[in-house]
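Structure first, commentary second.
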Protein chains: 2
Amino acid sequence: MPAAPRSTPPTSHRTPAATPDPTQPSESPTGGADPDDRRSRKRRQTAEHLVRTAFALFAEHGYAQVTMEQIAAAADVAKGTLYNHFPVKEALVRARMHAELAEALPRLFAGLPPELGCAGRLRAFLHATAAYSEQARDYLPHYIAYRLGQPLDARGAENRSGLDRVYARLLADGQAHGEISADFPADLLADTLQFMHLGTLLRWLETPGLALADAFDAMLDLFLHGCATGGGR
Amino acid sequence: MPAAPRSTPPTSHRTPAATPDPTQPSESPTGGADPDDRRSRKRRQTAEHLVRTAFALFAEHGYAQVTMEQIAAAADVAKGTLYNHFPVKEALVRARMHAELAEALPRLFAGLPPELGCAGRLRAFLHATAAYSEQARDYLPHYIAYRLGQPLDARGAENRSGLDRVYARLLADGQAHGEISADFPADLLADTLQFMHLGTLLRWLETPGLALADAFDAMLDLFLHGCATGGGR
DNA sequence: GGACAAAATTGAACGTCGTACAATTTTCTA
DNA sequence: TAGAAAATTGTACGACGTTCAATTTTGTCC
């Protein structure tokens with residue numbers, strides 16, 4: 001059985017030849033999962049095992065020093081298997097971060113007080129993520145570079161952080177309440193905000209003294225009100 | 001700026017052990033060049049030769065199909081020499097784009113009618129770059145991915161497109177005339193605008209029907225005026 | 001012009017990444 | 001229980017990018 005005839009990847013790039021995507025029913029802001037066969041379960045298990053093994057090595061020797069073969073060997077798995085689950089090294093980082101986000105975002109999102117309005121909820125949400133970003137600082141560059149280096153295809157369900165859904169939800173709410181301008185398509189706003197988020201993270205990573213929460217505040221201010229003055233010129 | 005403890009590379013990554021960066025005197029919006037020894041001249045010559053050879057091969061066989069060894073062979077140069085000038089393949093793309101921008105930006109910048117104000121000049125400028133981006137579409141993804149994958153050091157004089165300087169200039173002018181809010185630091189605004197520019201390009205690359213000029217208009221609108229309504233909620 | 005230092009080039013060897021593929025094993029389905 | 005689908009294995013391979021010592025070119029100073 002050489003490889004596969006290809007369809008949509010479940011976790012990374014290997015196909016389970018499953019449903020041809022009948023417009024995913026789950027529309028929660030934190031995304032849906034894949035089937036629950038034993039096969040899928042075992043697949044997730046080995047994937048998680050690989051991620052755990054990899055990050056143990058990363059913590060011990062540093063990300064750059066650890067090779068894919070070392071990871072495979074430490075996980076007691078063939079190199080081909082590792083690449084089956086994670087086509088590139090950065091995909092391991094992505095998997096861990098998305099897993100952590102998938103666990104944290106629902107609580108975070110549910111905990112946002114509706115009375116704050118869209119702007120206030122965005123602000124509270126960003127401040128909450130700031131703490132996480134500071135903790136994951138070492139791996140953020142690799143994650144960001146990998147995410148941004150996927151301009152063409154990507155978009156494949158597993159390549160989304162969950163942040164996009166949160167933003168889309170909050171902004172759509174804001175538009176429904178008249179707090180956010182309906183002149184812009186919701187997806188444009190969500191994409192822009194997510195991109196400004198990444199940009200702010202990059203800036204923060206390069207700027208030693210910068211407090212991330214402050215940077216998020218400025219970003220959000222700019223996103224909401226722009227930088228044009230009423231008068232001038 | 002706190003990054004490089006070593007001197008600034010002349011073209012790519014090899015250091016000529018020269019001046020310890022005495023705050024570059026040239027502050028034109030289109031950047032300054034390096035010395036004009038015969039050595040530097042020849043270095044530039046071979047670099048240009050390599051870029052020309054590489055792009056000839058790219059045009060013939062496609063970017064991904066061309067290997068670094070093929071480029072070196074076609075340019076009649078050792079592999080080590082090629083890597084001396086361009087440490088990674090994408091650096092060839094960056095070099096060409098920056099060279100083209102260095103040639104085009106001064107004209108473009110000088111041709112912006114001051115009577116348009118900051119917003120109008122930004123708009124005119126972006127529309128002008130749209131034509132160029134459409135022409136360079138094939139290489140944009142590699143360029144963008146390479147640029148964004150340099151979060152830590154980078155910042156090294158040769159890793160800037162020139163766009164940042166144009167933005168900084170226009171926005172500083174806008175702030176001086178009261179057209180742009182002085183609440184935001186100028187460099188934050190320039191960075192944000194440049195990042196939104198990249199984001200818009202990525203979005204455009206992924207969206208078949210999208211007209212780049214329209215996308216720039218929306219982006220600029222959002223940048224200037226934000227997406228918050230006056231009233232609401 | 002000649003000597004000497006700095007920089008560029010060369011060529012080859014090396015480690016790693018990521019791919020390809022055929023063989024084997026495990027799991028699902030009927 | 002048999003056969004299809006999918007995951008795993010192991011190996012081989014092309015390409016990237018690094019390293020390094022030897023050589024050549026270039027600039028500088030006497």
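The structure displayed is predicted, hence computed values, not measured ones. A, B, ... follow the sequence lines: proteins, then strands. Residue 1 opens every chain.
Dashed line: the shortest gap from a side-chain N or O of B:Thr46 to OP1 or OP2 of C:dA8 is not under 4.0 Å. Of the side-chain N and O atoms in A:Thr81, one or more sit less than 4.0 angstrom from OP1 or OP2 of D:dT9. Using a 4.0 Å cut-off, no side-chain N or O of A:Asn84 falls inside it from OP1 or OP2 of D:dA7. Note on B:Arg43: every side-chain N or O is 4.0 Å or more away from OP1 and OP2 of C:dA7. In this structure, B:His85 reaches the C:dT9 phosphate: one of its side-chain N or O atoms is under 4.0 Å from OP1 or OP2.
Taking atom CG of B:Leu82 as the reference point, atom C1' of D:dA15 lies 13 Å away to the nearest angstrom. The OH-C1' distance, from B:Tyr146 to D:dC16, rounds to 14 Å in whole Å. A straight line from CD of B:Gln45 to C1' of D:dT26 spans 14 Å, rounded to a whole angstrom. Between the CG atom of B:Leu50 and the P atom of C:dA8 there is a distance of 14 Å, given to the nearest Å. A:Glu90 places its CD atom 10 Å from the P atom of C:dC17, with the value rounded to the nearest Å. When rounded to the nearest whole Å, the span between NE2 of A:His49 and P of D:dT8 equals 11 Å.
Scanning residues 60-77 of chain A for heavy-atom distances under 4.0 Å to DNA chain D yields A:Val77.
Every side-chain contact (heavy atoms from CB on, under 4.5 Å) that A:Glu100 has, sequence neighbours left out, goes to A:Arg96, A:Tyr132. With sequence neighbours left out, B:Ala172 forms a side-chain contact (heavy atoms from CB on, under 4.5 Å) with no residue at all.
In this structure, B:Phe195 and A:Phe195 have tilted ring planes: the angle between them lies in the 30° to 60° band. Between A:Tyr143 and A:His98, the angle of the ring planes goes over 60°, which puts this pair in the perpendicular group of the 30/60° scheme.
With ring centers used as reference points, A:His127 lies 6.0 Å or more from A:Phe216.
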Criterion salt bridge (Lys or Arg N to Asp or Glu O under 4.0 Å) on A:Asp164 and A:Arg169, from CA distance to verdict: CA-CA 8 Å; A:Asp164 55 348; A:Arg169 186 82 154 228; over 6 Å; no
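Among the nucleotides D:dG10, C:dT9, C:dT10, the one closest to any side-chain atom of B:Ala78 is C:dT10. The side chain of B:Tyr83 lies closest to D:dT18, out of C:dG18, C:dT9, D:dT18.
Donor-acceptor pairing under 3.5 Å, judged by distance alone, is present between the side chain of B:Lys79 and the base of D:dG17.
Minimum interatomic distance between A:Leu188 and B:Ala218 (heavy atoms only, all atoms of both residues): CD2-CB, 4.1 Å.
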